[in-house]
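Just so you know, residue 1 is the first one in the sequence shown, and it goes up from there.
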Amino acid sequence: RSIVLDRNVSRSPASETSVIWWTPYGSRWTVRSTVQPVAPLPAIADELITVAEVQRHIKGASSPEDEDIPRWIRAARGVVERATGLVLIPQTFDLFLDVFGAYAGWLDLPHGPITSVTEIVSIAEDGTTETEIDTTTYWLDGFTRPARLGFSTVPSWTGVRPRDPIRRPYVAGYAEPELVPAELVQAMLLVVADFAAHRGDEREPVEGTLPMNVAGLLSPFTMPGVV
């Protein structure tokens, strides 16, 4: 199952979910994992659309000082990222894993594109001592859907803590704004317009639904299991 990550709610910095471990023999295990952002959330200046673009797009938008628009832009990116499993702006995360599979194989990763894996470490029972796993025993396939990490050998479990004993920092997201598909940027604008159109509404949100025009733009980028 692919994973839905909320990377934009700073009040909930960690997301517990599960990932899939595949073996060369076709079997699979579900591995409990936790994803933790380790870098500040992107500044509004780094977002893919600007306040001025939103104001041109939305009829009746208020002045450039409108404090709602930056929040809508961030929220719209979150909607698109959750719907597609793609990270639109480079961000750094820690992925904590409970266990690996019993055999060498591949670990499906929560989202993409993933541009780098800085290291993989095992965490000792004291919770502070970290041992780096040999970089020659794994490799990154960061631009497949889903992205995956391949292992030629399984790390040792001797002396590691019982929960989240493996930490894997990585960077995910499109390296340059020009690389982000135009459909995803347009979807962000449409989501912001939807926020503006229903500003102040007391309607109850419907889980897993998107405006029809947004869903159409995102459909080529979604994967099974992503809401």
Side-chain angles (χ1 to χ4, degrees), residues 1-10 15 35 37 39-93 108-117 140-148 170-199 205-227:
R1 177 180 182 276
S2 298
I3 298 154
V4 180
L5 300 179
D6 188 348
R7 289 168 289 277
N8 300 283
V9 182
S10 58
S15 174
V35 178
L41 298 181
I44 189 62
D46 297 325
E47 294 289 351
L48 296 172
I49 56 179
T50 66
V51 171
E53 286 177 300
V54 169
Q55 290 180 321
R56 290 195 300 269
H57 184 75
I58 300 174
K59 294 180 180 179
S62 55
S63 68
E65 291 73 35
D66 192 332
E67 62 184 15
D68 289 326
I69 293 179
R71 185 176 69 252
W72 292 343
I73 291 173
R74 292 190 181 98
R77 176 169 53 81
V79 168
V80 172
E81 289 181 331
R82 286 191 298 273
T84 62
L86 295 170
V87 180
L88 303 187
I89 298 178
Q91 297 171 66
T92 303
F93 303 92
D108 282 354
L109 299 175
H111 44 64
I114 294 179
T115 56
S116 66
V117 175
L140 173 67
D141 185 1
F143 287 89
T144 58
R145 298 292 309 275
R148 61 182 184 171
Y170 63 94
V171 178
Y174 290 93
E176 300 293 340
E178 295 78 11
L179 299 177
V180 180
E183 295 93 333
L184 303 184
V185 179
Q186 182 64 22
M188 284 183 60
L189 278 170
L190 293 176
V191 171
V192 171
D194 186 68
F195 290 157
H198 298 282
R199 187 178 188 176
V206 179
E207 183 70 22
T209 62
L210 292 168
M212 185 175 298
N213 52 357
V214 175
L217 287 169
L218 299 184
S219 60
F221 304 93
T222 57
M223 295 175 57
V226 176
V227 178

Can you tell me how far the [atom1] atom of [X] sits from the [atom2] atom of [Y], to the nearest 0.5 Å?
{"X": "D68", "Y": "I73", "atom1": "CG", "atom2": "CD1", "value": "11.0 Å"}
{"X": "R77", "Y": "E47", "atom1": "CZ", "atom2": "CD", "value": "4.0 Å"}
{"X": "L217", "Y": "T84", "atom1": "CG", "atom2": "OG1", "value": "12.0 Å"}
{"X": "F195", "Y": "I69", "atom1": "CZ", "atom2": "CD1", "value": "13.0 Å"}
{"X": "L189", "Y": "L184", "atom1": "CG", "atom2": "CG", "value": "12.0 Å"}

Any idea which heavy atoms bring [X] and [Y] closest together, and the distance?
{"X": "V192", "Y": "V54", "answer": "CG1-CG1, 3.6 Å"}
{"X": "V80", "Y": "M188", "answer": "CG2-CG, 3.8 Å"}
{"X": "I49", "Y": "E53", "answer": "CA-OE1, 3.1 Å"}
{"X": "S219", "Y": "T222", "answer": "O-OG1, 3.1 Å"}

Would you call [X] and [Y] a side-chain contact if the rule is heavy atoms closer than 4.5 Å?
{"X": "S116", "Y": "L140", "value": "no"}
{"X": "L88", "Y": "Y174", "value": "yes"}
{"X": "Q91", "Y": "E81", "value": "yes"}
{"X": "V214", "Y": "Q186", "value": "no"}

| said: Using only atom types and a distance under 3.5 Å, with no angle test, would you say the side chain of R145 pairs donor to acceptor with the backbone of F221? | reply: yes
| query | Do any N or O atoms from the side chain of T115 and from the backbone of A172 form a donor-acceptor pair under 3.5 angstrom? | reply | no
